[in-house]
Number of protein chains: 2
Amino acid sequence: MSAAAEKKRLGPEDWVAAARTALIEGGPSAVAVEPLAKRMGVTKGSFYWHFKDRPALLSALLSEWERRTTEMFAQSPGETALDRFAKLGDLQASGAESAFEAAIRGWALSDDQVSEVVRATDARRAQYIEGLFHEIGATGEYATALARLMVVAAAGEMQMAALGEPTPPSTIATLVRLMARFAKPGLSPQR
Amino acid sequence: MSAAAEKKRLGPEDWVAAARTALIEGGPSAVAVEPLAKRMGVTKGSFYWHFKDRPALLSALLSEWERRTTEMFAQSPGETALDRFAKLGDLQASGAESAFEAAIRGWALSDDQVSEVVRATDARRAQYIEGLFHEIGATGEYATALARLMVVAAAGEMQMAALGEPTPPSTIATLVRLMARFAKPGLSPQR
DNA sequence: ATCGTCCCATACGTCAGCGTATCGCGGCGC
DNA sequence: GCGCCGCGATACGCTGACGTATGGGACGAT
């Protein structure tokens with residue numbers, strides 16, 4: 001009767017998936033057991049079979065995001081630093097995960113657990129990108145600032161994409177180009 | 001008995017202020033009438049005198065933010081474009097309003113009204129900054145991309161600041177410096 | 001065929017928050 | 001001093017969501 005498919009039996013992944021879309025379009029408070037059950041065409045009897053309680057679902061959802069976002073930065077060996085920069089741009093453009101991440105970040109504002117995970121993720125990203133800059137030849141503290149700038153921009157970009165702003169493909173690309181031209185050996189931050 | 005002061009009589013502004021802090025530290029769902037009343041040392045009888053219902057409070061809160069954030073971009077006449085760029089940096093560093101804006105943006109993800117306002121705000125900011133670039137002498141479409149990049153970075157920066165990440169003072173400053181060196185007449189985007 | 005296991009439905013008690021209705025109080029005008 | 005009005009308290013019903021308890025059906029193993 002609903003929009004859900006006719007898959008008769010559910011597993012925890014199904015609940016996490018449903019929770020994911022609910023979080024995206026309604027925020028944390030929309031990740032509620034009974035509404036989810038209704039949308040999936042079952043009752044909460046199902047839920048409490050697979051999960052202890054609502055917090056359990058939420059932390060499973062958080063883990064899910066953490067898993068996804070870390071494996072996006074998996075380094076396929078045999079790529080140059082420039083290749084990886086380009087991959088970051090593409091990864092940004094394909095905004096499939098943007099809505100998810102934006103929702104997670106919004107959630108993080110009011111939940112310390114989530115906040116912790118997001119902070120750690122940001123730190124890892126900054127470190128990764130800084131490594132790329134090093135390979136290109138940017139000097140130490142400047143590379144740090146530039147890397148952080150990229151992380152910041154990525155966060156902002158996802159936010160806006162999730163708000164439905166038609167994200168010009170040029171924004172992050174612009175930044176990357178800026179970086180590429182600027183972060184060359186011998187260029188010091190001052191003057 | 002609570003932490004609130006002993007101001008005996010309340011106005012709508014007090015409720016909006018309370019709603020503001022509640023939104024910041026608990027998200028939209030924390031902007032609930034009865035909890036707010038408890039924190040303010042009154043009952044909801046007071047609330048329903050000043051406001052029609054909960055949505056009324058929420059939209060008042062949204063208007064409040066819109067008001068504040070537009071008057072932050074008020075141009076004091078007699079400033080050069082570079083002065084205004086610097087002011088943007090400072091405005092960013094003083095993260096007093098960061099938490100508020102981050103909360104608003106998080107809220108916007110699940111509310112079309114809010115989303116609309118935020119989008120409009122972003123557009124105005126981008127336009128304003130693009131104007132600054134024009135004064136500096138950057139070419140058209142490139143200035144557009146750079147301006148948008150600044151808006152994006154600002155959004156991301158506020159997010160992270162609200163998450164408690166110790167925001168290095170260098171990030172936006174770095175961007176501004178990048179811009180200042182790069183956005184000079186005669187520099188085209190390609191090659 | 002029977003049994004056990006997995007998965008879900010049903011029914012129930014509880015609680016928090018919304019909105020309404022009604023009453024009470026303090027101060028101000030006159 | 002009296003009435004009036006701005007503001008808040010109290011009490012009520014209602015809804016939605018949480019978590020529990022218990023029962024039942026489908027399906028494979030033996």
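Note on naming: letters A, B, ... go to the chains in the order of the sequence lines (proteins, then strands), and numbering restarts at 1 for each one.
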Undergrad: Can you give me the first and the last nucleotide of DNA chain C (5' to 3') that has an atom within less than 4.0 angstrom of a non-hydrogen atom in chain A?
TA: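 Contacts span C:dC6 to C:dA11, reading 5' to 3'.
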Undergrad: So which heavy atom on A:E130 is nearest to which on A:T144, and how close?
TA: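 That closest heavy-atom pairing would be OE2-OG1, 2.9 Å.
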Undergrad: Under a 3.5 Å distance rule, please check whether A:R119 uses its side chain to pair with a backbone N or O of B:L163 as donor and acceptor.
TA: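 Answer holds: yes.
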Undergrad: For the side chain of B:T69 and the backbone of B:W65, is there at least one donor-acceptor N/O pair under 3.5 Å apart?
TA: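 Not at all, since once roles are kept as given, no pair shorter than 3.5 Å links the two residues.
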Undergrad: Under the salt bridge (Lys or Arg N to Asp or Glu O under 4.0 Å) test, which residues partner B:R68, sequence neighbours left out?
TA: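 Only B:E64, B:E97 meet the salt bridge (Lys or Arg N to Asp or Glu O under 4.0 Å) criterion with B:R68.
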Undergrad: For residues 46-55 of chain A, which residue pairs pass the side-chain hydrogen bond (donor to acceptor under 3.5 Å, both in side chains) check, not counting sequence neighbours?
TA: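 For residues 46-55 of chain A, and leaving out neighbouring residues, the side-chain hydrogen bond (donor to acceptor under 3.5 Å, both in side chains) pairs sorted by first residue read A:W15-A:S46.
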Undergrad: What is the distance, to the nearest angstrom, from the NZ atom on B:K38 to the C1' atom on D:dG8?
TA: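 From B:K38 NZ to D:dG8 C1': 16 Å.
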Undergrad: Send over the distance from A:L36 CG to D:dC18 C1', rounded to a whole Å.
TA: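 Going from A:L36 (CG) to D:dC18 (C1'), I get 13 Å.
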Undergrad: Let me have the donor-acceptor pairs involving side chains of residues 18-36 of chain A, under 3.5 Å, with sequence neighbours excluded, atom names and distances please.
TA:
| from | atom 1 | to | atom 2 | distance (Å) |
| --- | --- | --- | --- | --- |
| A:T21 | OG1 | A:A18 | O | 3.1 |
| A:E25 | OE2 | A:R39 | NH1 | 3.0 |
| A:E34 | OE2 | A:K44 | NZ | 3.0 |

Undergrad: Using modelled atom types and a 3.5 Å cut-off, is there a donor and acceptor pairing between side-chain atoms of B:D111 and backbone atoms of B:A108?
TA: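 Pair absent, no side-chain N/O of B:D111 close to backbone of B:A108.
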Undergrad: Which is more 5' along DNA chain D, the nucleotide nearest A:S29 or the one nearest A:K52? Just name the residue.
TA: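 Result: A:S29.
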Undergrad: Kindly give the atom pairs (protein nitrogen or oxygen, nucleotide nitrogen or oxygen) under 3.5 Å for nucleotides 23-29 of chain D.
TA:
none

Undergrad: For the side chain of A:T70 and the backbone of A:E66, is there at least one donor-acceptor N/O pair under 3.5 Å apart?
TA: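 Yes; judged by distance alone, with no hydrogens or angles, the pair exists.
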Undergrad: B:L61 versus B:F100: any side-chain heavy-atom pair under 4.5 Å?
TA: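 Sidechains of B:F100 and B:L61: in contact.
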Undergrad: Quick check: do B:L109 and A:R105 have side-chain heavy atoms less than 4.5 Å from each other?
TA: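 Side chain of B:L109 against side chain of A:R105, heavy atoms only: no contact under 4.5 Å found.
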Undergrad: Look at the side-chain N and O atoms of B:H50 and state whether any lies under 4.0 Å from the OP1 or OP2 oxygen of D:dG8.
TA: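 Indeed, a polar side-chain atom of B:H50 lies that close.
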Undergrad: Set out, in order, the CA-CA distance, both residues' side-chain angles and the distance that settles side-chain contact (heavy atoms from CB on, under 4.5 Å) for B:D122 and B:R148, then state yes or no.
TA: CA-CA 9 Å; B:D122 288 340; B:R148 185 179 158 88; over 6 Å; no
Undergrad: Quick one: A:W49 CH2 to D:dA21 P, roughly how many Å, whole number?
TA: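 Those two atoms, CH2 and P, are 14 Å apart.
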Undergrad: What protein N or O atoms touch nucleotides 10-16 of chain D N or O atoms at under 3.5 angstrom, if any, and at what distances?
TA:
none

Undergrad: Send over the distance from A:R54 CZ to D:dC18 P, rounded to a whole Å.
TA: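 Whole-Å distance recorded here is 6 Å.
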